[in-house]
Amino acid sequence: MDWQWFRTQLLTWYGEYGRDLPWRPTADPYAVLVSEFMLQQTQVMTVIPYYQRWLKQLPTLADCAQAQRQDIFKLWEGLGYYRRAEYLHQTCQMIMYNYGGNIPQELAILITLPGIGRTTAGGILSHAFNLPLPILDGNVQRVLSRLFALTTPPNRNQKQLWHYSQALLDPDQPGRFNQALMDVGAGVCLPKVPHCGRCPWQNGCMGEQTQQQHTLPVREPAKEIPHRTIGVGVIWNAQGQVLIDQRPSTGLLANLWEFPGGKVEPGESVPDCIRREIQEELALDIRVGAHLITVNHRYTHLRVTLVVHHGFYQSGIPELRGCQAYAWVELRDLSEYPFPQANHKIIQALATSPSPPWPLEMAEGRVQSE
DNA sequence: TATTCGTGGTT
DNA sequence: TAACCAAGAAT
């Protein structure tokens with residue numbers, strides 16, 4: 001195999017067609033670190049504004065290490081996979097206090113840090129330090145599967161894919177090479193419509209030569225995604241504040257804030273569910289009022305329907321059972337807390353609500369719960 | 001090794 | 001439009 005041909009073709013193409021991305025001109029390894037975390041499973045165009053805001057607010061690794069958790073999550077709010085924010089925070093702290101503030105330049109050390117696997121480590125080391133480490137993200141897996149006509153599903157063929165990524169890598173300019181390889185995947189060798197006519201590797205692509213470019217890589221059948229109905233309460237007190245709680249530190253949407261609620265049990269009405277969940281999680285008695293909004297939301301492996309009702313505090317002192325913390329907050333102060341996207345739809349509904357949705361008559365018991 | 005982690009874009 | 005995919009990692 002003439003690896004040098006592939007390198008020359010790719011790097012020449014990259015010089016003309018490579019994307020101009022904010023983190024590419026930087027020589028700051030911390031900026032590269034931030035970009036690599038944000039880019040895990042997240043498209044470039046989604047990341048760009050988050051990346052720029054992050055570096056503006058936390059311009060150095062020391063700033064990130066010293067930041068408050070809440071500020072870290074606020075900066076990540078809306079980007080998804082929120083564990084990444086915590087891992088990035090922890091990694092910066094470990095680099096600061098265990099490695100003198102310098103990012104370790106050894107693969108074996110780097111991958112021991114939270115949130116850094118082999119691809120992220122390879123991206124950091126090749127980009128920030130021009131070290132010859134390969135990467136294997138979704139783009140690269142697709143490009144290599146087609147280039148070498150690999151008919152084994154990528155998730156069962158990681159070893160061979162890593163081998164090809166390493167063999168192809170240009171040892172003289174690994175940083176540029178890896179960036180170029182991802183640009184081919186993101187702009188030319190697309191999942192459903194490969195544009196072979198403008199691919200720098202067209203003349204060497206075994207996939208196209210055997211007319212398999214549309215059927216590679218081989219995907220395993222997707223599994224069915226379960227659905228859950230969740231009852232959610234926007235609980236008001238007599239001061240016109242609403243009740244929010246912080247989710248547990250593990251599991252879905254860990255550490256984010258939310259309006260309290262939980263899964264509707266079989267045969268249970270939504271108002272009954274909301275009453276029960278808030279009793280179970282916070283030990284509060286509430287009255288359930290009018291329906292506010294129903295939110296359908298899709299996660300990677302779960303679909304939920306949030307049926308949201310207004311509610312009014314009746315009695316009880318909050319106890320922390322199924323959550324880390326709680327707070328009574330003014331509507332205008334909700335923006336201080338990091339919320340998942342589905343809850344932002346609820347906040348939006350509250351903001352556009354035509355009249356104050358916390359009728360005092362509920363406190364006086366004139367409104368029947370549904 | 002198979003699941004569990006969000007959200008937005010694309011087809 | 002429902003399904004697929006995105007600069008993956010941890011458990």
Side-chain angles (χ1 to χ4, degrees), chain A residues 18-19 21-24 32-51 73 76-88 90-91 110-128 133-143 153-159 161-162 165 175 177-187 189-194 214 217 219-227 247-256 258 295-304 338-345:
Chain A
R19 290 178 291 180
L21 304 177
W23 44 86
R24 287 198 168 158
V32 173
L33 177 75
V34 172
S35 74
E36 291 291 343
F37 269 78
M38 289 186 171
L39 286 162
Q40 289 169 4
Q41 290 289 283
T42 309
Q43 291 191 348
V44 163
M45 292 309 169
T46 302
V47 165
I48 287 175
Y50 283 90
Y51 170 81
F73 281 110
W76 205 273
E77 185 181 25
L79 199 51
Y81 286 148
Y82 296 94
R83 279 189 306 186
R84 293 182 296 172
E86 197 164 20
Y87 290 148
L88 176 55
Q90 291 172 359
T91 280
L110 209 48
I111 61 176
T112 67
L113 297 176
I116 300 182
R118 192 173 171 187
T119 286
T120 297
I124 294 168
L125 294 177
S126 63
H127 182 176
L133 280 305
I135 57 174
L136 191 61
D137 66 350
N139 284 318
V140 176
Q141 295 188 34
R142 181 174 59 257
V143 171
N155 59 342
R156 299 183 181 279
N157 199 25
Q158 293 289 293
K159 188 174 179 180
L161 286 165
W162 276 110
S165 185
F177 181 93
N178 281 338
Q179 299 289 320
L181 183 52
M182 286 186 285
D183 276 10
V184 168
C189 197
L190 302 181
K192 301 197 175 187
V193 189
H214 292 92
R219 293 296 178 196
E220 300 195 275
K223 290 165 186 171
E224 198 163 327
I225 300 172
H227 175 269
R247 294 174 59 85
S249 60
T250 59
L252 187 68
L253 303 167
N255 301 304
L256 295 195
E258 66 177 4
V295 175
N296 284 298
H297 197 77
R298 169 185 53 83
Y299 299 99
T300 302
H301 62 288
L302 181 67
R303 292 174 192 276
V304 297
F339 285 90
Q341 197 57 36
N343 274 249
H344 274 292
K345 296 177 186 174

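Chain identifiers are assigned alphabetically (A, B, ...) following the order of the sequence lines, protein sequences preceding nucleic acid strands; residue numbering begins at 1 within each chain. Basis for what follows: all heavy atoms, side chains included, without hydrogens, waters or symmetry-related copies. Remember, it's a predicted structure, so these values are computed and weren't measured experimentally.
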Hits for side chain to side chain donor-acceptor pair (under 3.5 Å) against A:Asn255, two or more places apart or cross-chain, chain-then-number order -> A:Arg69, A:Glu86, A:Gln324
Here the distance between atom P of B:dT7 and atom CG of A:Leu39, to the nearest Å, is 18 Å
Chain A vs DNA chain C, heavy-atom contacts under 4.0 Å, first-to-last nucleotide span, 5' to 3', is C:dA3 to C:dA10
Q) Would A:Arg118 and A:Asp137 pass as an ion pair if we require N to O under 4.0 Å? A) no
Expected list for residues 114-126 of chain A near DNA chain B, using heavy atoms below 4.0 Å, is none
By nearest-nucleotide position on DNA chain B, the 5'-leaning member of A:Tyr299 and A:Lys223 is A:Lys223
(message) Heavy atoms only, 4.0 Å cut-off, all strands: where does A:Trp23 land among base, sugar-phosphate and nothing?
(response) base
Check: How would you label the contact of A:Leu253 with the nucleic acid (heavy atoms, under 4.0 Å): base, sugar-phosphate, or nothing?
Finding: sugar-phosphate
By side-chain contact (heavy atoms from CB on, under 4.5 Å), A:Gln141 pairs with (sequence neighbours left out) A:Leu136, A:Pro154, A:Gln158, A:Leu161
Between protein and nucleotides 8-11 of chain B, what N or O pairs are separated by less than 3.5 Å?
{"residue": "B:dG8", "atom": "N7", "partner": "A:Arg298", "partner atom": "NH2", "Å": "3.4"}
{"residue": "B:dG8", "atom": "O6", "partner": "A:Arg298", "partner atom": "NH1", "Å": "3.0"}
{"residue": "B:dG8", "atom": "O6", "partner": "A:Arg298", "partner atom": "NH2", "Å": "3.4"}
{"residue": "B:dG9", "atom": "O4'", "partner": "A:Gln43", "partner atom": "OE1", "Å": "3.4"}

In whole angstroms, the gap separating C1' of B:dC5 from CD1 of A:Ile225 amounts to 13 Å
A:Asn157 atom CG is separated from B:dA2 atom P, nearest whole Å, by 14 Å
Given 3.5 Å as the limit, does a donor-acceptor pair link the side chain of A:Thr91 with the main chain of A:Leu113, or not?
no
In whole angstroms, the gap separating P of B:dT3 from OH of A:Tyr81 amounts to 15 Å
For A:Leu21, which contact category applies under a 4.0 Å heavy-atom criterion: base, sugar-phosphate, or nothing? base
| task | Compute whether any side-chain donor of one residue and acceptor of the other, for A:Gln179 and A:Arg24, lie under 3.5 angstrom apart. | result | yes
Taken in chain and number order and not counting sequence neighbours, the residues that satisfy side-chain contact (heavy atoms from CB on, under 4.5 Å) with A:Asn155 are A:Pro153, A:Glu220
